[in-house]
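In the text below, chain A, chain B and the rest are named by the order of the sequence lines, each starting its count at 1. The shown structure was predicted, so the numbers you read here are calculated from the model rather than taken from an experiment.
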2 protein chains.
Amino acid sequence: MASADRKQRIKDETRQNILDAAMRIGRAEGWQALSMRKIADIIEYTPPVIYEYFANKEALMLELTKVGYRILAKDMKIARDKHQLPEKQLEDMWLTYWNFAFAEKELYQLMFGIEVNCCVWDNSVPEAEIPANMIWEVIGELTGMENPPEDLICKRYYTFWSVVHGLISINLVRQGVPEGMNEEVLKDAITGIIRSIKP
Amino acid sequence: MASADRKQRIKDETRQNILDAAMRIGRAEGWQALSMRKIADIIEYTPPVIYEYFANKEALMLELTKVGYRILAKDMKIARDKHQLPEKQLEDMWLTYWNFAFAEKELYQLMFGIEVNCCVWDNSVPEAEIPANMIWEVIGELTGMENPPEDLICKRYYTFWSVVHGLISINLVRQGVPEGMNEEVLKDAITGIIRSIKP
DNA sequence: ACATTTGCCTAACACTGTTAGAAAAATTAC
DNA sequence: GTAATTTTTCTAACAGTGTTAGGCAAATGT
């Protein structure tokens with residue numbers, strides 16, 4: 001039947017509507033406020049329908065984290081392509097990461113939060129590796145070496161990530177961090193690590 | 001009545017039993033598995049009784065974070081008093097912080113986790129300031145100055161905290177971090193920041 | 001011995017995620 | 001076009017959550 005296409009199309013549409021609804025609730029009220037029934041209300045179906053598109057709530061949220069990683073990857077690509085020098089690229093990429101975290105507070109917490117469900121985080125989210133790989137590459141370039149040793153890049157990567165993610169976490173929880181402190185600490189740390197990498 | 005004392009004593013006891021039960025559940029099954037009914041089961045009362053000791057679940061958990069801060073503060077004091085040199089003290093204190101996070105995974109997440117309830121974190125947890133102040137002091141000493149400027153200490157403190165907390169968070173979520181990576185990144189970062197402070 | 005306070009429990013409300021099975025709608029077969 | 005079948009959707013329920021109102025019974029005060 002030719003109507004099979006149409007049916008598939010509206011099924012895809014409904015699936016997307018579910019994701020959109022969930023994202024809207026999460027962004028507006030936080031993930032603790034997200035419920036299957038609220039999603040059902042928005043898409044104008046009854047709750048069980050959602051289970052025809054997602055195995056359960058956790059699977060649904062995992063899908064949302066993938067959306068998050070795609071946005072982050074896109075942002076970071078733009079940041080990278082604005083510069084030629086690896087050190088400038090790296091700086092801008094981490095700044096972009098930082099900005100993403102606050103522009104998409106809830107989404108960031110879903111992706112990197114401690115408590116939230118998606119804790120297994122094996123390789124079930126391949127999207128998560130795109131931003132990571134982008135950073136890796138640029139760190140590699142920055143060393144100036146032909147074949148930079150894996151574990152050196154790895155170490156620098158984790159150092160970067162720790163500072164940035166740590167600073168973000170602290171800010172997301174504690175909203176009393178002195179004004180201007182963040183930018184300074186962030187930039188200091190980034191340039192500091194970059195300096196330690198450059199040949 | 002002399003029995004008033006006894007009554008107060010068993011009331012204190014029950015309160016402590018509630019906290020103990022909650023802690024036990026949290027440590028064993030994670031905070032998402034903590035429920036008022038489970039606590040009630042353990043202390044062999046019905047759920048409403050708990051509300052005579054704590055306003056609600058959130059208040060109860062806030063109390064648990066205070067317990068966490070007291071443990072952390074105690075550990076850190078011991079670490080500090082093992083050394084004379086400020087740089088050694090600082091190093092050991094952060095290492096202790098690190099060890100605490102993994103020895104008390106669940107508790108750490110309750111204290112510093114992003115998702116969990118206790119997100120207001122104004123000054124409702126004075127205990128939280130003890131470990132922070134201890135670090136501040138030693139950073140101050142390390143500068144070698146008479147009156148070290150507030151914002152310099154503040155900046156170093158946040159840099160320290162970011163790296164350590166970030167690294168911990170990453171490890172608590174992602175259990176695939178390469179072996180030996182953590183210690184190296186941690187020690188490198190700590191000694192790096194210390195070097196930048198020393199006169 | 002009676003009155004009052006205290007401690008504790010039962011029952012309920014309004015939620016949550018999730019599932020089984022009935023009803024309705026659309027599709028296919030004749 | 002009607003009948004059978006498949007697909008889609010809903011209703012109702014289960015087991016769990018935090019929290020509260022109201023009542024029973026035991027301990028206390030007079």
Could you tell me how the ring of B/Tyr108 sits relative to the ring of B/Tyr97: parallel (under 30°), tilted (30 to 60°) or perpendicular (over 60°)? perpendicular

Side-chain donor/acceptor of A/Asp92 to backbone N/O of A/Lys88, under 3.5 Å: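 Flag not set: sc A/Asp92 to bb A/Lys88 has no pair under 3.5 Å.
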
Main-chain N/O of A/Cys154 paired with A/Asp151 side-chain donor or acceptor, under 3.5 Å: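 No.
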
When rounded to the nearest 0.5 angstrom, what is the spacing between CG in A/Leu110 and CG in A/Leu34?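 One gets 9.0 Å once the value is rounded to the nearest 0.5 Å.
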
Rounding to 10 degrees, work out the angle separating the end axes of the helix from C/dT4-D/dA27 to C/dC30-D/dG1 (five pairs an end). 30°

A/Phe112 and A/Tyr69: ring-ring contact (aromatic ring centres under 6.0 Å, His included), yes or no, with the steps? CA-CA 10 Å; A/Phe112 301 104; A/Tyr69 280 110; 5.6 Å; yes

Value in whole Å for how far the [atom2] atom of [N] lies from [atom1] of [X]:
X       : N      : atom1 : atom2 : value
B/Glu52 : D/dT20 : CD    : P     : 12 Å
A/Lys11 : D/dT7  : NZ    : P     : 10 Å
B/Lys57 : D/dT19 : NZ    : P     : 8 Å
A/Gln32 : C/dT16 : CD    : P     : 12 Å
B/Glu29 : D/dG16 : CD    : P     : 13 Å
A/Gln8  : D/dT7  : CD    : C1'   : 14 Å
A/Phe54 : C/dG17 : CZ    : P     : 15 Å
A/Leu60 : C/dG17 : CG    : C1'   : 12 Å

What verdict does the side chain to side chain contact (heavy atoms under 4.5 Å, CB included) test give for A/Thr96 and A/Ile78, after you've listed the backbone C-alpha separation in whole Å, the side-chain angles of each residue and the deciding distance to 0.1 Å? CA-CA 9 Å; A/Thr96 302; A/Ile78 294 173; over 6 Å; no

Report the nucleotide, chosen from [options], that has the shortest atom-to-atom distance to any side-chain atom of [X].
X       : options                : value
A/Tyr51 : D/dT19, D/dT9, C/dT18  : C/dT18
B/Asn56 : C/dC8, D/dC10, D/dT19  : D/dT19
A/Pro48 : D/dC10, D/dG18, C/dT18 : D/dC10
B/Thr46 : C/dC9, D/dC10, D/dT19  : C/dC9

Does the pair [X]/[Y] count as a salt bridge with the N-to-O cut at 4.0 Å?
X        : Y       : result
B/Glu104 : B/Arg27 : yes
B/Lys187 : B/Glu91 : no
A/Lys38  : A/Glu29 : yes

By nearest heavy atom, map B/Tyr45 and A/Ala55 onto DNA chain C; which one lands nearer the 5' end? B/Tyr45

Under 4.0 Å, heavy atom to any atom of DNA chain C: which of residues 33-41 of chain A qualify?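 Residues of residues 33-41 of chain A that come under 4.0 Å of DNA chain C are, in numerical order, A/Leu34, A/Ser35, A/Met36, A/Arg37.
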
Check nucleotides 22-25 of chain D for protein N or O atoms closer than 3.5 Å to its own N or O atoms and list the pairs.
none

Would you say the side chains of A/Gln16 and A/Asp12 form a donor-acceptor pair under 3.5 Å? no

Near B/Arg70 CZ, under 6.0 Å, is it more than 12 heavy atoms from other residues, nucleotides or ligands? yes

Please indicate whether B/Glu150 has more than 12 foreign heavy atoms, meaning atoms of other residues, nucleotides or ligands, lying under 6.0 Å from its CD. no

